[in-house]
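Have a look at the structure below, then the notes.
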Amino acid sequence: MAVIFVEAADTLVDEFDLLDFLQMLTERASTLVNAGAVGLMLADQHGRLQFMAGSSESVRLVELFQLQNQEGPCLDAFRTGRPVINVDLAGAAHRWPRFVPRAAEAGFLSVHAFPLRLREHVIGALNVFGTAESGELAAADAPVVQALADVATIGLLQERTIRRAEELTEQLQSALNSRIVIEQAKGAIAQARSVGVDDAFTIIRTYARNHNRRLIDLAHEIVEDPTSLPELYRS
């Protein structure tokens with residue numbers, strides 16, 4: 001757990017990769033509480049939540065549905081600055097009538113959402129989904145996940161807001177634009193290697209790390225010049 005918290009706080013590095021950092025957060029949070037899936041949203045420069053990272057493709061689709069319908073636990077946590085904990089989806093249709101059926105269709109049975117906050121400043125939310133194997137959070141788990149979200153928020157804000165408050169929102173907007181290219185690259189690799197998009201993303205991310213490449217630079221090359229990376233297209 002200590003290693004995870006240090007990793008979440010460690011943004012003061014050269015060539016800080018925001019997308020890789022956010023992806024790491026969803027994976028570490030999922031492992032920490034044995035969740036079915038974890039998604040993360042951040043607010044853009046207009047204060048609107050945007051999907052940024054997820055531990056699986058299924059959670060990405062559910063999170064996008066949540067944003068499209070402006071309804072769900074992540075939005076509640078972001079708007080109020082308070083966590084949403086241990087909500088059984090079977091009994092939550094009155095609360096989120098459009099979101100609940102879609103989440104259940106994806107195999108999720110419970111949901112928890114934690115604001116990414118620093119005191120009164122909320123910049124996003126972390127959604128934790130439970131399945132039959134990973135349902136309710138234990139009493140000790142919820143404060144740990146919230147602490148992880150808080151540490152991540154401090155990590156995102158610390159260097160950038162010291163100098164200029166608008167620097168963070170500019171970076172988040174840039175990351176959102178980059179996400180589109182990454183989704184295109186995932187689709188290209190998934191089709192070429194006949195694998196799922198989750199596996200395609202793992203292939204791209206592993207290649208980027210092994211070759212000391214930025215994720216977005218590699219994604220651009222996959223989309224714009226696929227012949228330059230034949231090893232990525234071979235099974």
Side-chain angles (χ1 to χ4, degrees), residues 19 21-44 47-80 82-116 122-137 141-142 145-146 148-149 152 172 175-176 178-180 182-187 190 195-202 204-205:
L19 290 175
F21 176 78
L22 298 178
Q23 186 67 32
M24 177 275 294
L25 282 178
T26 64
E27 293 173 358
R28 298 296 184 270
S30 180
T31 301
L32 195 62
V33 295
N34 190 32
V38 174
L40 189 148
M41 299 186 191
L42 291 178
D44 63 17
R48 295 189 294 261
L49 280 182
Q50 305 287 350
F51 173 79
M52 298 303 300
S55 62
S56 70
E57 178 68 8
S58 59
V59 78
R60 183 181 79 90
L61 297 175
V62 171
E63 296 284 56
L64 291 175
F65 183 87
Q66 185 175 185
L67 290 175
Q68 182 180 12
N69 288 276
Q70 285 296 293
E71 173 190 287
C74 219
L75 289 159
D76 286 3
F78 174 68
R79 290 165 179 161
T80 66
R82 295 190 297 271
V84 176
I85 300 172
N86 285 334
V87 176
D88 183 356
L89 290 176
H94 65 287
R95 186 173 182 179
W96 307 305
R98 292 181 295 275
F99 169 77
V100 167
R102 183 66 184 84
E105 182 182 330
F108 301 127
L109 303 179
S110 61
V111 68
H112 330 275
F114 299 86
L116 270 67
V122 183
I123 64 170
L126 188 74
N127 243 15
V128 179
F129 291 91
T131 61
E133 294 77 24
S134 59
E136 289 192 359
L137 289 182
D141 285 341
V145 179
Q146 183 61 70
L148 177 63
L172 297 184
L176 176 61
S178 299
R179 187 79 206 181
I180 297 172
I182 289 174
E183 292 299 330
Q184 292 173 337
K186 283 164 58 178
V195 298
V197 287
D198 288 338
D199 291 335
F201 183 67
T202 298
I204 295 169
R205 191 179 179 204

Query raised in the report: Does a side-chain heavy-atom distance below 4.5 Å link Arg79 with Pro115?
Result: no
Report task. Please examine the side chains of Leu109 and Leu89, heavy atoms only from C-beta on, and report whether any two atoms are closer than 4.5 Å. Result -> no
**Report entry** Side-chain donor or acceptor of Ser30 paired with backbone N/O of Thr26 under 3.5 Å
**Finding:** no
Query raised in the report: Do Lys186 and Ile204 come close enough that some side-chain heavy atom pair is under 4.5 Å?
Result: yes
**Report entry** Non-hydrogen atoms of Val111 and Pro73 that approach each other most closely
**Finding:** CG2-CG, 3.4 Å
Report task. Answer yes or no: is there a side-chain heavy-atom contact under 4.5 Å between Met41 and Gln66? Result -> yes
Query raised in the report: Side-chain contact, heavy-atom cut-off 4.5 Å: Leu64 with Gln50?
Result: no
Report summary line: Separation between SG (Cys74) and CZ (Phe114), nearest 0.5 Å, reads 11.0 Å
Query raised in the report: For Phe99, which residues count as a ring-ring contact (aromatic ring centres under 6.0 Å, His included) partner, sequence neighbours excluded?
Result: Trp96
Query raised in the report: When you look at Leu49 and Leu75, which way does the side-chain contact (heavy atoms from CB on, under 4.5 Å) test go after all the steps?
Result: CA-CA 8 Å; Leu49 280 182; Leu75 289 159; 3.7 Å; yes
Query raised in the report: Does a salt bridge link Arg60 with Glu63, judged by any charged N lying under 4.0 Å from a carboxylate O?
Result: no
Query raised in the report: Heavy atoms, side chains only, cut-off 4.5 Å: are His112 and Val145 in contact?
Result: no
Requested in this report: Can you sort out the partners of Phe65 under side-chain contact (heavy atoms from CB on, under 4.5 Å), two or more places apart, ordered by chain and number?
Outcome: Asn69, Arg98, Arg102
Query - Verdict with supporting geometry, Gln23 and Phe201, side-chain contact (heavy atoms from CB on, under 4.5 Å) - result: CA-CA 11 Å; Gln23 186 67 32; Phe201 183 67; 3.5 Å; yes
**Report entry** Inter-residue atom distance Leu25.CG - Ser55.OG, 0.5 Å rounding
**Finding:** 12.0 Å
Report task. Report the C-alpha separation of Leu116 and Leu42 in whole Å, then their side-chain angles, then the decisive distance to 0.1 Å, and conclude whether the side-chain contact (heavy atoms from CB on, under 4.5 Å) test is met. Result -> CA-CA 8 Å; Leu116 270 67; Leu42 291 178; 3.8 Å; yes
Query raised in the report: With sequence neighbours excluded, what pairs up with Ser56 under the side-chain contact (heavy atoms from CB on, under 4.5 Å) test?
Result: Ala37, Ser58, Val59, Asp198
Query raised in the report: What is the distance from atom CG of Asp44 to atom CD1 of Ile123, rounded to the nearest 0.5 Å?
Result: 12.5 Å
Query raised in the report: In terms of heavy-atom contacts, does CZ of Arg82 have more than 12 from other residues, nucleotides or ligands at under 6.0 Å?
Result: no
Requested in this report: Answer whether the closest heavy-atom distance between the side chains of Leu126 and Val38 falls below 4.5 Å.
Outcome: yes
Query raised in the report: Heavy atoms, side chains only, cut-off 4.5 Å: are Asp88 and Ser110 in contact?
Result: no
Query raised in the report: Which atoms form the tightest heavy-atom contact between Ala92 and Val87, and what is the distance?
Result: CB-CG1, 3.7 Å
Report task. Begin from the C-alpha positions of Arg95 and Val84 and carry the test side-chain contact (heavy atoms from CB on, under 4.5 Å) through to its verdict. Result -> CA-CA 12 Å; Arg95 186 173 182 179; Val84 176; 4.0 Å; yes
